Undergrad: 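Sharing a structure below in structure tokens format, with a few things to ask.
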Amino acid sequence: MASRACYKPVTHIIFDSDGTVLDTENMYSDVINEIVAPFGKSYTYEMKLRYMGMPALQSARQLVEELQLPLTPVEYLKIFDSVVFGRINNVRLLPGVKDLMLHLHDHRIPMAIATSSVQAAFHTKSQPHRDLFPALHHVVCGDDPELRPGRGKPHPDIFLLAASRFHPAPDPGQCLVFEDSPNGLQAGIAAGMQVVMIPDPRVPAEQRTGATQVLDSMADFEPQLFGLPHYDTCSKFEFG
Ligand SMILES: O=c1[nH]cc([C@@H]2O[C@H](COP(=O)(O)O)[C@@H](O)[C@H]2O)c(=O)[nH]1
Ligand SMILES: [Mg+2]
């Protein structure tokens with residue numbers, strides 16, 4: 001992790017979604033394990049560390065091959081999506097997300113989401129929290145027509161595309177990324193952006209290397225360290 005002196009001021013924020021904004025990762029692990037268990041397989045956390053943040057079809061292809069499932073990747077994805085669809089009402093925002101988005105929105109800081117999730121899935125999962133959408137300038141999903149296949153996280157493309165869609169577009173160095181996954185961290189670094197990583201406690205130290213800052217929770221984020229307006233104590237605690 002960088003020392004305090006290494007934090008550089010930023011003007012724009014790009015959030016990852018799954019595991020950073022939406023509390024979906026444990027649900028994904030449960031669903032994947034339920035799908036593969038009848039075939040005598042399990043989805044370990046070691047595997048998850050490699051899959052998190054990957055575009056859905058790429059992840060499905062790798063999973064089917066790695067676990068030798070008697071399914072095509074598309075068949076697997078259909079089952080996955082239908083099971084997830086039944087659980088979306090339980091998807092919560094992670095701690096600190098709402099406070100930070102509302103705070104930065106109050107101060108007119110431009111924000112976007114860059115998620116590997118496909119648009120239909122993101123739309124469904126995020127519906128319970130649509131009151132926050134006006135705070136976001138835009139959302140880039142993994143199936144965006146301007147993203148080339150095979151260039152999902154850990155490639156930088158989705159973050160660079162998200163940065164290019166602000167008006168006016170900032171330099172990558174002016175953007176701060178929030179990420180939970182090692183693939184997402186690498187994507188943010190490759191994009192030339194600072195990355196605040198909020199990993200699951202099981203993410204090993206070596207897969208956090210390069211993060212500008214590692215936090216246990218978004219609620220611990222101190223905007224002023226990155227040249228952003230600090231929290232007004234009253235608004236954070238009265239309305240958070
Ligand atoms: O255990 C897993 N978690 C997450 C993913 C992939 O990561 C994406 C979420 O990426 P992001 O955190 O960039 O929103 C999911 O849509 C899925 O494609 C996965 O394959 N396996
Ligand atoms: Mg994520």
Side-chain angles (χ1 to χ4, degrees), residues 14-36 41-67 69 71 73-74 76-85 87-88 91-94 97 112-126 129 136 139-144 147 149-162 177-191 193 195-200 202-203 207-208 211 214-215 217-218:
I14 306 177
F15 295 99
D16 166 53
S17 176
D18 290 295
T20 301
V21 167
L22 296 175
D23 191 5
T24 44
E25 284 300 348
N26 288 328
M27 186 258 285
Y28 282 174
S29 298
D30 292 347
V31 170
I32 297 170
N33 268 309
E34 287 166 33
I35 297 172
V36 304
K41 311 284 171 151
S42 69
Y43 183 59
T44 63
Y45 202 80
E46 182 280 318
M47 290 177 70
K48 187 175 176 76
L49 282 168
R50 288 183 276 119
Y51 284 74
M52 266 189 297
M54 252 186 209
L57 188 57
Q58 187 186 339
S59 146
R61 282 200 190 108
Q62 261 180 248
L63 188 86
V64 162
E65 188 180 331
E66 184 167 355
L67 293 182
L69 301 179
L71 299 168
V74 172
Y76 164 83
L77 265 188
K78 271 194 186 149
I79 302 170
F80 177 82
D81 286 342
S82 66
V83 181
V84 166
F85 188 77
R87 299 187 192 183
I88 43 145
V91 169
R92 297 181 174 201
L93 291 176
L94 281 152
V97 170
I113 280 183
T115 174
S116 300
S117 198
V118 296
Q119 197 187 4
F122 176 76
H123 178 79
T124 316
K125 284 180 288 192
S126 57
H129 310 292
L136 298 167
V139 177
V140 181
C141 290
D143 56 347
D144 190 287
L147 286 173
R151 296 286 304 178
K153 300 172 187 178
H155 295 287
D157 304 34
I158 195 166
F159 287 127
L160 293 174
L161 182 60
V177 167
F178 285 84
E179 260 291 351
D180 67 307
S181 72
N183 281 327
L185 169 63
Q186 293 311 320
I189 294 170
M193 299 174 182
V195 183
V196 173
M197 190 182 199
I198 310 174
D200 183 281
R202 290 167 288 187
V203 175
Q207 295 197 33
R208 305 171 180 204
V214 180
L215 298 176
S217 161
M218 205 178 290

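Order of appearance sets the numbers: ligands from 1, and atoms from 1 within every ligand. Quick caveat, the model's predicted, so the values are computed rather than measured.
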Undergrad: Among all protein non-hydrogen atoms, which one is nearest to atom 7 (O) of ligand 1, and what is the separation to 0.1 Å?
TA: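 The closest heavy atom on the protein side is G53 N, 3.0 Å.
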Undergrad: For P55, take its heavy atoms, then give the atoms of ligand 1 lying under 4.0 Å from any of them.
TA: 18 (O)
Undergrad: What protein heavy atom sits nearest atom 20 (O) of ligand 1, and how far off is it?
TA: S59 OG, 2.6 Å
Undergrad: Counting from 1, what ligand 1 atoms have a heavy atom of K48 closer than 4.0 Å?
TA: 1 (O), 2 (C), 3 (N)
Undergrad: So, for R50 and N183, which heavy atoms are closest and what is the spacing to 0.1 Å?
TA: O-ND2, 2.9 Å
Undergrad: For the backbone of R202 and the side chain of Y45, can you confirm whether one donor and one acceptor N or O come within less than 3.5 Å of each other?
TA: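 No: the side chain of Y45 does not pair with the backbone of R202.
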Undergrad: Counting backbone and side-chain atoms alike, does D180 have an N/O/S atom under 2.8 Å from the Mg ion (ligand 2)?
TA: yes
Undergrad: Starting from atom 8 (C) of ligand 1, which protein heavy atom do you reach first, and at what distance in Å?
TA: M54 O, 3.6 Å
Undergrad: By the definition side chain to side chain contact (heavy atoms under 4.5 Å, CB included), identify the one residue from K48, M47, K41 that meets it with T44.
TA: M47
Undergrad: Out of all atoms in ligand 1, which are within 4.0 Å of some heavy atom of Y43? Include the element for each.
TA: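 Numbered from 1, ligand 1 contributes 1 (O), 2 (C), 21 (N).
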Undergrad: Could you say whether the N/O atoms of E179 and ligand 1 ever approach to under 3.5 Å?
TA: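 Not met; the criterion fails.
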Undergrad: Per the side chain to side chain contact (heavy atoms under 4.5 Å, CB included) rule, which among T124, T24, V84 passes with V91?
TA: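 Considering T124, T24, V84, a side chain to side chain contact (heavy atoms under 4.5 Å, CB included) with V91 is found only for T24.
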Undergrad: Of the protein's non-hydrogen atoms, which lies at the shortest distance from atom 5 (C) of ligand 1, and what is that distance?
TA: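 I find the closest protein heavy atom is Y51 O, 3.8 Å.
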Undergrad: Closer than 2.8 Å to the Mg ion (ligand 2), do we get an N, O or S atom from E25, backbone or side chain?
TA: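 No N, O or S atom of E25 is closer than 2.8 Å to the Mg ion (ligand 2), so no.
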Undergrad: How far is atom 11 (P) of ligand 1 from the closest protein heavy atom, and which atom is that?
TA: D16 OD1, 2.8 Å
Undergrad: Which ligand 1 atoms, with their elements, are less than 4.0 angstrom from a heavy-atom of S116?
TA: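 Numbered from 1, ligand 1 contributes 10 (O), 11 (P), 13 (O), 14 (O).
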Undergrad: Nearest protein heavy-atom contact for atom 16 (O) of ligand 1: which residue, which atom, what distance?
TA: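 Here the closest protein heavy atom is S117 CA, 3.6 Å.
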Undergrad: Under 3.5 Å, is there a donor on one side chain and an acceptor on the other for K125 and S117?
TA: yes
Undergrad: Specify the closest pair of heavy atoms between M218 and T20, including all atoms of both residues, with the distance to one decimal.
TA: CE-O, 3.6 Å
Undergrad: If the cut-off is 4.0 Å to any non-hydrogen atom of A56, which atoms of ligand 1 fall inside it?
TA: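 Near A56, the atoms of ligand 1 are 18 (O).
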Undergrad: What residue and atom, counting heavy atoms only, is the protein's closest point to atom 15 (C) of ligand 1, and at what distance?
TA: Y28 CE1, 3.9 Å
Undergrad: D18: which N/O/S atom is nearest the Mg ion (ligand 2)?
TA: O
Undergrad: Using distance alone, determine whether S29 and ligand 1 share an N or O pair under 3.5 Å.
TA: no
Undergrad: Should we say atom CZ of R92 is surrounded by more than 12 heavy atoms from elsewhere, each under 6.0 Å from it?
TA: no
Undergrad: What protein heavy atom is closest to atom 3 (N) of ligand 1, reported as residue, atom name and distance in Å?
TA: E25 OE1, 2.8 Å
Undergrad: For the pair K153 and D16, evaluate salt bridge (Lys or Arg N to Asp or Glu O under 4.0 Å) and give the outcome as yes or no after the intermediate values.
TA: CA-CA 11 Å; K153 300 172 187 178; D16 166 53; 3.0 Å; yes
